[in-house]
Every structure is written in C-alpha cells, then in structure tokens.
Amino acid sequence: MTYVDLTKAGGATFQEVRHLLGSKDDSQHRQLRVTSAGVAYLSDEVGAENISDLCFRFETWVAGNGYCGSKAAADDKYVASVQTDLNDNWPTPKASYIDW
C-alpha cells in the first residue's frame, strides 16, 4: 500500500502526494484518509465505512472525475492543493470529514 507519513518533519511533500495520487487509478470510488497515527492513504472503502481509527478523511472521490490516477498526479496545481489540505489538517483537523 502506498502511503504518506504526515508525522515526519515538514509533513507531506509534493512528490509524496504526487506518488500517492498516482498509486490508484480513477476506475472506482476512492477516499483519501488519514489515520490517527498520521498515515495518509487512498482507500477503496469510502463513506463512513471503517472510520474508527481515522483522524480525518476527505469526501469520497467519485470514479471517473480525475481525483486520482496518472492525470491527477500530473496536475501540479491539484497535487499542491491536496498537499496543502493534508498538511493543514494534520495533526488537528478542521473536521473529521473534509469536504472540498
């Protein structure tokens, strides 16, 4: 599983987020989740399924909308936006559910 460790100094880097976004294609719904231990990952489980160990999660990324996959990873502005959202919400999220 590809993940980003948000607990390290400086949080998520641009390249780590790019790699994470490109690690799964856009063929099914996905959700960017962050565990209470500071591990960010793309989940195939979406919505409110298995969220007890999460610090926060993003809204479900609907399949076919370009939120993950190679095109998303190639979009520098989008990658930077996700990086900012991850770092701004760790370790104290604005909410447990981040709605874009």
Side-chain angles (χ1 to χ4, degrees):
M1 173 172 73
T2 301
Y3 66 91
V4 175
D5 180 2
L6 300 177
T7 66
K8 64 182 180 20
T13 68
F14 183 86
Q15 289 302 327
E16 289 171 331
V17 174
R18 181 189 302 279
H19 182 69
L20 178 64
L21 292 173
S23 69
K24 294 200 175 198
D25 65 26
D26 195 27
S27 65
Q28 69 182 61
H29 300 339
R30 312 266 188 213
Q31 190 170 50
L32 180 54
R33 294 177 167 201
V34 177
T35 69
S36 56
V39 175
Y41 67 99
L42 286 178
S43 175
D44 295 339
E45 293 182 309
V46 297
E49 294 180 40
N50 296 318
I51 61 172
S52 63
D53 187 41
L54 298 182
C55 180
F56 63 95
R57 61 194 165 100
F58 288 75
E59 71 177 289
T60 297
W61 293 347
V62 177
N65 282 332
Y67 292 111
C68 59
S70 58
K71 287 184 181 179
D75 183 338
D76 289 351
K77 185 175 179 182
Y78 176 66
V79 173
S81 174
V82 173
Q83 176 192 15
T84 297
D85 287 340
L86 284 170
N87 290 331
D88 284 354
N89 283 286
W90 175 260
T92 309
K94 296 173 184 153
S96 61
Y97 179 79
I98 309 300
D99 189 2
W100 283 28

Asks: Please round to the nearest 0.5 Å and tell me the distance separating atom CD1 of Ile98 and atom CG of Asp85.
Replies: 7.5 Å
Asks: Are more than 12 heavy atoms, taken from residues, nucleotides or ligands other than Tyr78, located less than 6.0 Å from that residue's OH atom?
Replies: yes
Asks: Heavy atoms only: give me the nearest Ala12-Val17 pair and the separation to one decimal.
Replies: CB-CG2, 3.8 Å
Asks: Kindly indicate whether the side chain of Ile51, heavy atoms from C-beta on, has any atom under 4.5 Å from the side chain of Glu45.
Replies: no
Asks: Does one hydrophobic cluster hold both Leu42 and Tyr3, with members joined at side-chain heavy-atom distances below 4.5 Å?
Replies: no
Asks: Side-chain heavy atoms under 4.5 angstrom apart, residues restricted to Ile, Leu, Val, Met, Phe, Trp, Tyr: same cluster for Leu20 and Val39?
Replies: no
Asks: State yes or no: do Tyr41 and Phe56 share one hydrophobic cluster built from I, L, V, M, F, W and Y residues joined by side-chain heavy-atom distances below 4.5 Å, directly or via other members?
Replies: no
Asks: Taking the side chain as every heavy atom from C-beta outward, state whether Leu6 and Val34 have any atom pair closer than 4.5 Å.
Replies: yes
Asks: Of all the heavy-atom pairs spanning Gly10 and Asn87, show the shortest one and how long it is.
Replies: O-ND2, 4.1 Å
Asks: What about Tyr97 and Leu54, same hydrophobic cluster or not, with Ile/Leu/Val/Met/Phe/Trp/Tyr joined at side-chain heavy-atom distances under 4.5 Å?
Replies: no
Asks: Do Val4 and Gln83 make a side-chain contact, defined as non-hydrogen atoms from C-beta onward lying under 4.5 Å apart?
Replies: no
Asks: Which value, rounded to the nearest 0.5 Å, describes the distance between Glu16 atom CD and Leu21 atom CG?
Replies: 12.0 Å
Asks: Quick check for you: to the nearest 0.5 Å, what is the distance between Lys8 atom NZ and Thr13 atom OG1?
Replies: 5.0 Å
Asks: Identify each donor-acceptor pair in which a side-chain atom of residues 57-71 lies under 3.5 Å from a protein atom, sequence neighbours left out, and give them as a table.
Replies:
from, atom 1, to, atom 2, distance (Å)
Arg57, NH1, Gly47, O, 2.8
Glu59, OE2, Trp100, N, 2.8
Thr60, OG1, Gly47, N, 3.3

Asks: Is the shortest side-chain heavy-atom distance between Pro91 and Cys55 below 4.5 Å?
Replies: no
Asks: Out of curiosity, does Val82 fall in the hydrophobic cluster containing Val46 (side-chain heavy atoms, cut-off under 4.5 Å, transitive links)?
Replies: no
Asks: Look only at the side chain of Ser81 and the backbone of Lys77, and say whether a donor-acceptor pair between them is shorter than 3.5 Å.
Replies: no
Asks: May I ask you to test the Lys24-Thr2 pair for a side-chain heavy-atom distance under 4.5 Å?
Replies: no
Asks: Tell me the closest heavy-atom pair linking Arg33 and Asn50, and the distance in Å.
Replies: NH1-O, 3.3 Å
Asks: Of the non-hydrogen atoms in Ala40 and Leu86, which two are nearest, and what is the gap between them?
Replies: CB-CD2, 4.1 Å
Asks: Using a strict cut-off of less than 4.0 Å between a Lys/Arg side-chain nitrogen and an Asp/Glu carboxylate oxygen, indicate whether Asp25 and Arg30 qualify as a salt bridge.
Replies: yes
